[in-house]
Amino acid sequence: SQQGEEDPQALSIQEGENATMNCSYKTSINNLQWYRQNSGRGLVHLILIRSNEREKHSGRLRVTLDTSKKSSSLLITASRAADTASYFCATDPYQGGKLIFGQGTELSVKP
Amino acid sequence: DAGVIQSPRHEVTEMGQEVTLRCKPISGHDYLFWYRQTMMRGLELLIYFNNNVPIDDSGMPEDRFSAKMPNASFSTLKIQPSEPRDSAVYFCASSSIAQGATYNEQFFGPGTRLTVL
């Protein structure tokens with residue numbers, strides 16, 4: 001089964017609203033990463049949070065990590081139509097190069 | 001750097017034909033990954049290499065699939081013979097684990113969209 005599972009599978013909001021996506025995982029991790037995929041493109045790394053960190057910010061992105069609950073959330077504030085994409089969490093339980101990707105959340109931001 | 005380069009970007013072939021997908025990782029990266037993405041199954045890791053050596057090929061669906069990395073700047077994923085159910089987008093990604101670091105961001109190529117008729 002997937003190590004990372006995103007919730008919700010799909011999210012539709014209006015421009016200017018905040019978007020929150022959640023990720024749950026099963027095993028201990030070294031870090032958790034979030035990626036974005038625009039339609040027809042490869043995945044692009046957004047942000048990484050280490051297992052000893054609880055919160056991290058990057059521009060309009062805010063990531064939280066709760067290792068006791070084995071969960072993470074990605075918040076995109078003041079969303080824009082250009083944020084429309086699929087968002088994936090990826091965990092690193094193997095202390096190496098391999099990442100385990102979730103199924104993704106499809107975000108649609110309507111202008 | 002040009003990023004991860006994949007070719008071809010699109011491939012349409014007939015069932016039973018051999019298909020070869022190519023990947024050039026980012027220079028200096030020591031990990032290379034092959035993924036397959038479909039609507040039904042999502043993003044699946046097929047195989048990955050470390051320093052040109054295959055580490056985990058447990059995601060390779062069957063013997064029709066094979067992957068090689070003859071040197072640090074080139075890898076191929078071959079499907080022989082191809083079947084309609086192999087239709088998908090195939091991504092190559094690379095990463096580098098800096099000595100003493102714990103992060104392993106992956107850089108993805110643009111993908112190859114394969115259609116097997």
Side-chain angles (χ1 to χ4, degrees), chain A residues 1-10 21 23-25 28-53 56 58 61 63 65 67 72 74 85-106, chain B residues 2-7 9-10 21 23 25-26 29-59 69 88-113:
Chain A
S1 62
Q2 286 286 343
Q3 163 78 329
E5 296 183 2
E6 286 91 344
D7 167 50
Q9 289 189 332
M21 289 158 270
C23 170
S24 60
Y25 57 93
S28 61
I29 60 172
N30 299 299
N31 65 64
L32 185 143
Q33 303 175 33
W34 286 90
Y35 288 76
R36 183 175 94 174
Q37 183 180 33
N38 288 90
S39 181
R41 303 284 189 93
L43 279 71
V44 175
H45 180 266
L46 292 176
I47 192 167
L48 178 151
I49 186 165
R50 294 184 174 82
S51 59
N52 62 353
E53 297 175 317
K56 201 162 183 180
S58 177
L61 304 180
V63 171
L65 179 64
T67 53
S72 173
L74 172 68
S86 292
Y87 292 82
F88 295 83
C89 69
T91 53
D92 164 26
Y94 300 107
Q95 294 189 340
K98 182 177 177 178
L99 297 177
I100 305 298
F101 285 86
Q103 295 291 343
T105 292
E106 194 172 324
Chain B
V4 175
I5 299 172
Q6 290 188 248
S7 65
R9 293 293 310 277
H10 302 273
L21 310 181
C23 175
I26 291 173
H29 281 191
D30 53 354
Y31 282 87
L32 184 139
F33 307 83
W34 281 102
Y35 293 91
R36 177 173 71 175
Q37 187 176 40
T38 62
M39 290 291 291
M40 291 296 294
R41 301 174 69 91
L43 189 68
E44 303 173 275
L45 176 65
L46 300 178
I47 185 171
Y48 78 97
F49 296 82
N50 179 219
N51 292 320
N52 313 337
V53 176
I55 301 301
D56 182 355
D57 65 355
S58 60
M69 192 165 187
V89 180
Y90 290 81
F91 289 103
C92 176
S94 69
S95 71
S96 176
I97 310 286
Q99 198 165 8
T102 59
Y103 53 87
N104 45 10
E105 169 190 352
Q106 292 187 10
F107 294 80
F108 281 73
T112 295
R113 182 173 296 275

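Fair warning: this is a prediction, and the values are worked out from it, not measured in the lab.
No side-chain heavy atom of Q37(B) sits under 4.5 Å from any side-chain heavy atom of F101(A). Side-chain contact between Q106(B) and L43(A) is absent, with no heavy atoms from C-beta onward closer than 4.5 Å.
Using a 4.5 Å cut-off between heavy atoms, Y35(B) contacts chain A through its side chain alone, with no backbone atom that close. Contact of D30(B) with chain A is not made at all, since no heavy-atom distance falls under 4.5 Å.
In this structure, N104(B) and N31(A) approach most closely via the heavy-atom pair OD1-ND2, 3.5 Å. When all heavy atoms are compared, the tightest approach of K98(A) to L45(B) is CE-CD2, 3.5 Å.
The number of heavy-atom neighbours closer than 6.0 Å to CD of E106(A), taken from other residues, nucleotides and ligands shown, is 12 or below. No more than 12 heavy-atom neighbours from other residues, nucleotides or ligands sit within 6.0 angstrom of CD on Q9(A).
Atoms CG and CD, on D92(A) and E105(B) in that order, are 13.0 Å from each other to the nearest 0.5 Å.
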